[in-house]
Engineer: 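Have a look at the structure that comes next, please.
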Amino acid sequence: MTVFEMIINGDIPSTKIYEDDLCIAILDIAPRAKGHTLVISKEVYPTIADAPSETVAHMMDIVKKVDGKMRSVLKADGTNVIINNSPASGQEVPHLHIHVIPRFKDDGISFFPPSTKYEEEEMSEYGRKLAL
Ligand code: AMP
C-alpha cells in the first residue's frame, strides 16, 4: 500500500486542503517551498501513463485552483507544476500525484537539469521519433 493510500484511507494524518471523488490535495510533508501541495489521485495509478485521461484532466483543473490560491493568498509570483513518472524520474511514491510548488521572484530554487545539446541532425531525428 502506498503512503498516499494510507492518507486517503485516513490511516495516517495529513494537512488536506481539498477532496472530491477523484482526488485529494494535501501539503507535502517535506516542502520544497512552504505551501508545496500534492494533488493525488484517489485510485492508485503508478504513473500518468496508467491513469484515465479524464482523471488527469480533472486533477489539472484542481492544480489550476491551487496555483490560483498560491498566487492570491501566498502572493506567489509563479508555480512549478511537476509530475515524476517512474523511479528513473525521481518518483519515490508509485501513486500518481502532481506537485504544485509556489515560486517567488529571486527565490533561488532550480528544478530543471542543466541543458544538453543535440548533435547535427539529431534534433530533427528526435522530432520525427516523437511526432504524435
Ligand atoms: P515523488 O518523488 O514525486 O514520488 O514525491 C513524493 C512526495 O511525497 C515527496 O515530495 C515527499 O515529501 C512526499 N511525501 C511522502 N510522504 C508524505 C506524507 N506522509 N505526507 C505528505 N507528503 C509526503
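As a basis for the values below, the full set of heavy atoms in this structure was taken, side chains included, without hydrogen atoms, waters or symmetry mates. Counting convention: from 1, in listed order, for ligands and their atoms alike.
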Engineer: Going by the rule side chain to side chain contact (heavy atoms under 4.5 Å, CB included), which residues pair with Thr116 if we only count those two or more places apart in sequence or in a different chain?
Structural biologist: none
Engineer: Is there a donor-acceptor pair under 3.5 Å between the side chain of Glu5 and the backbone N or O of His95?
Structural biologist: no
Engineer: Output the set of protein residues with a heavy-atom contact under 4.0 Å to ligand 1, ordered first by chain identifier and then by residue number.
Structural biologist: Val3, Phe4, Ile7, Ile26, Leu27, Asp28, Ile29, Ala30, Arg32, Leu38, Asn84, Gly90, Gln91, Glu92, Val93, His97, His99
Engineer: Does anything in residues 22-41 pair up under salt bridge (charged side-chain N to carboxylate O under 4.0 Å, His left out), and if so which pairs, sequence neighbours excluded?
Structural biologist: Asp28-Arg32
Engineer: Using only atom types and a distance under 3.5 Å, with no angle test, would you say the side chain of Asn85 pairs donor to acceptor with the backbone of Ile48?
Structural biologist: yes
Engineer: Leu27: which residues meet the side chain to side chain contact (heavy atoms under 4.5 Å, CB included) condition with it, sequence neighbours left out?
Structural biologist: Thr15, Ile17, Thr37
Engineer: Only one of Val93, Ile8, Leu96 clears side-chain contact (heavy atoms from CB on, under 4.5 Å) with Thr2; which?
Structural biologist: Val93
